Amino acid sequence: MARIVLTDVSVIFGTTDDLSDHINSITLNSTYDVLETTNFAAGPVGGYGAASKSRIAGLADNSVAFEFHQDFAASEVDAVLSAALGSTLAVKVKPTTGAISASNPEYQFNILVSEYPALAGAVGELATVSVTFPITGAIVKDTTP
């Protein structure tokens, strides 16, 4: 199995706002609600299944976390995020800037820009913005160019 070192991740906000050069960390996360389905028929039968709980996956709860290097120039971090605050924004993420393929899938989703800490940092530090956005709807994984 091939390994990958993230050095060339592509992140596009909206249709054209490429903020890849302002992002130093990304985490695309999917979790599911766990719903218990235990019933009386699941009583003792011996072995590991004896009187055990049973569960199924419920609704997905997807999110994406970014750490941005802040930039207040036109079409950069502040302009894109502050304009979208309180609304949804389309995002496309690929492991590399290369063409979409089975080994370089593009993840497409819509975020709810529910927070935006415009300025953070201490004296002498790089101004950064760390955010976690909830994803509204499904994450689509595209592998066809």
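Please read all numbers here as calculations on a predicted model, not as lab measurements.
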Minimum heavy-atom distance P105-P95, with the two atoms named: O-CD, 3.1 Å
V64 vs I111 side-chain heavy atoms within contact, under 4.5 Å: yes
Verify same cluster id: I23, V80 (apolar side-chain graph, 4.5 Å): yes
Working for side chain to side chain donor-acceptor pair (under 3.5 Å), residues D142 and T144: CA-CA 6 Å; D142 186 2; T144 53; 2.9 Å; yes
Check: V93 main-chain N/O paired with S10 side-chain donor or acceptor under 3.5 Å: no
Worked verdict on L28 versus I135 for side-chain contact (heavy atoms from CB on, under 4.5 Å): CA-CA 10 Å; L28 183 57; I135 293 174; 3.7 Å; yes
Gap separating the CD1 atom of I26 from the CZ atom of F68, nearest 0.5 angstrom: 8.5 Å
Approximate separation, where rounding is to 0.5 Å, of T96 OG1 and E106 CD: 11.0 Å
Closest heavy-atom pair and its distance - G58, Y32: O-CD2, 3.3 Å
S20 and D18: side chain donor to acceptor below 3.5 Å: yes
Distance-only side-chain donor-acceptor flag, T97 / D8, under 3.5 Å: yes
Donor-acceptor contact below 3.5 Å, side chain Q70 vs main chain A118: yes
CD-OG1 distance between E67 and T128, expressed to the nearest 0.5 angstrom: 5.0 Å
Sidechain-backbone polar pair: E125 side chain, A122 backbone, donor-acceptor under 3.5 Å: yes
Nearest atoms (heavy-atom pairs only) where A138 meets F109: O-CB, 4.1 Å
Linked, directly or transitively: Y107 and L112 (ILVMFWY side chains, under 4.5 Å): no
V9-V140 co-clustered via ILVMFWY side chain contacts under 4.5 Å: no
Side-chain donor or acceptor of D78 paired with backbone N/O of D71 under 3.5 Å: no
Donor-acceptor side-chain pairing of D61 and S63 below 3.5 angstrom: no
Stepwise side-chain contact (heavy atoms from CB on, under 4.5 Å) test for H69 and N24: CA-CA 7 Å; H69 296 166; N24 73 348; 3.5 Å; yes
Chi angles and distances behind the side-chain contact (heavy atoms from CB on, under 4.5 Å) call for L119, F72: CA-CA 10 Å; L119 193 58; F72 294 98; 4.2 Å; yes
Flag side-chain contact, heavy atom, 4.5 Å: S101 against P145: no
4.5 Å side-chain heavy-atom contact, L35 and R55: no
Verdict with reasoning, F13 to F66, per ring pair (Phe, Tyr, Trp, His ring centres under 6.0 Å): CA-CA 12 Å; F13 290 82; F66 297 103; 5.4 Å; yes
Validation row: S114, P134 side chains within 4.5 angstrom (heavy atoms): yes
Derivation and outcome, side-chain contact (heavy atoms from CB on, under 4.5 Å), residues V131 and V129: CA-CA 6 Å; V131 290; V129 176; 3.8 Å; yes
Residue of the set V113, V91, N62, N110 for which side-chain contact (heavy atoms from CB on, under 4.5 Å) holds with F133: V113
T37 side chain near I56 side chain, heavy-atom distance below 4.5 Å: yes
Note, Q108 side chain near I139 side chain (heavy atom, < 4.5 Å): no
